[in-house]
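Reviewing the structure listed below.
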2 protein chains.
Amino acid sequence: MTVICRLDDGPLRFNALRRAVNGITQRMLSITVRRLERDGLISRAVEPAVPPRVEYALTERGRSLHRVLAELVAWTEENLDEIRRDRERYDDAARAEELLAFPA
Amino acid sequence: MTVICRLDDGPLRFNALRRAVNGITQRMLSITVRRLERDGLISRAVEPAVPPRVEYALTERGRSLHRVLAELVAWTEENLDEIRRDRERYDDAARAEELLAFPA
DNA sequence: CTGTATCCCTAAAGATACTG
DNA sequence: CAGTATCTTTAGGGATACAG
């Protein structure tokens, strides 16, 4: 998801994409772009040069998936704060019940 | 995702939900519903009876997430066949290159 | 019926080093 | 620069047994 979102802003080369995703290891990005290319969601263009330049970009299918994913991202941004609050309440309630069951 | 989609058709009790999801283990469903409840996506209602009846249902937040997920499901249904075809082509090409590199 | 508790095993991801 | 290869660690999930 993150790779697709970063590539929606335009094509990126391997290390630029890696910086854009921020935190992904070289190995995982390598595996991820291969899978996305296999699924036809991104394209991989090699410019024969020394050192090599490989550019990744969304395909039309990738862009169409991004439209859906963007809604999911928007939903998350709209709901994350409240979800975090509910999680705290849930954890507090769970802790309280534990104390009731096994009083220290 | 599957649990949320199944619950969108209406509330279900634990084992009915398990049958609806079809394939999930008791352990994983238990973990999953607990996390969804913690996130405020589903509600859990216990009817005090013997044997106990516990009904799970989507909350309003869960329904709003389902609206987004339903689009993702629709996207998948629209695209899966072509993705499968692309995967085969990708794998065939990869196999062909391997043979070129290491001829038997 | 609705779950927990254990044990176990594997697939996924991290760290590190190396290469065309 | 754009990756592989290798090794190790960890978290996710299966199987099974038990419990209120």
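Residue numbers start from 1 in every chain, and the chains themselves are labelled A, B, ... in the order their sequence lines are given, proteins ahead of strands. Atoms considered below: every heavy atom in the structure, side chains included; atoms not considered: hydrogens, waters and symmetry mates.
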With heavy-atom distances below 4.5 Å as the criterion, would you say the side chains of B:Arg44 and B:Val33 are in contact?
no
Within residues 10-20 of chain A, those residues having any heavy atom closer than 4.0 Å to DNA chain D are A:Arg13, A:Phe14, A:Asn15
Examine distances only and state if a side-chain atom of B:Thr2 and a backbone atom of B:Val21 form a donor-acceptor pair shorter than 3.5 Å.
no
Note the angle between the end axes of the helix from C:dC1-D:dG20 to C:dG20-D:dC1, five pairs defining each, rounded to 10 degrees.
50°
Specify the residues of residues 46-58 of chain A, ordered by number, for which at least one heavy atom lies under 4.0 angstrom from an atom of DNA chain D.
A:Pro51, A:Pro52, A:Arg53, A:Val54, A:Tyr56
In the structure I gave you, are the side-chain heavy atoms of A:Leu12 and A:Tyr56 within less than 4.5 Å of one another anywhere?
no
Ordered by number, residues from residues 88-96 of chain A within less than 4.0 Å of DNA chain C (heavy atoms) are none
Are more than 12 heavy atoms, taken from residues, nucleotides or ligands other than B:Arg87, located less than 6.0 Å from that residue's CZ atom?
yes
Just wondering, do A:Glu47 and A:Pro52 contact through their side chains at under 4.5 Å, heavy atoms?
no
Run the salt-bridge test on A:Arg63 and A:Glu60 with the 4.0 Å N-O cut-off and return the result as yes or no.
yes
Would you check if the side chain of A:Thr32 reaches a backbone N or O of A:Met28 as a donor-acceptor pair within less than 3.5 Å?
yes
Examine C:dT2: is either OP1 or OP2 under 4.0 Å from a nitrogen or oxygen in the side chain of B:Arg27? Give yes or no.
no
Give a yes or no on whether a salt bridge exists between B:Arg89 and B:Asp86, defined as a side-chain N under 4.0 angstrom from a carboxylate O.
yes
Contact between B:Leu58 and B:Ile4 at the side-chain level, heavy atoms closer than 4.5 Å - yes or no?
yes
Sorted by chain and number, sequence neighbours left out, side-chain hydrogen bond (donor to acceptor under 3.5 Å, both in side chains) with B:Arg38 holds for A:Asp91
Without decimals, in angstroms, what is the distance between B:Met28 CE and C:dC9 P?
19 Å
Could you check if a side-chain atom of A:Leu29 sits within less than 4.5 angstrom of a side-chain atom of A:Val3, using non-hydrogen atoms only?
yes
In whole angstroms, how far is the C1' atom of C:dG14 from the CD1 atom of A:Ile24?
12 Å
Check: A:Val68 and B:Val68 side chains under 4.5 Å, non-hydrogen atoms:
no
Find out whether B:Arg35 and B:Leu41 are in side-chain contact, i.e. whether some heavy atom of one side chain is under 4.5 Å from a heavy atom of the other.
no
Between B:Arg61 and A:Glu82, does at least one N-O distance fall below 4.0 Å, as a salt bridge requires?
yes
Starting from P on D:dA15, measure out to CD on B:Gln26 and report it in whole angstrom.
13 Å
If we ignore hydrogens and angles and just use 3.5 Å, is the side chain of A:Arg53 paired with the main-chain N or O of A:Pro48 as donor and acceptor?
no
In residues 29-39 of chain B, which residues come under 4.0 Å of DNA chain D by heavy atom?
none
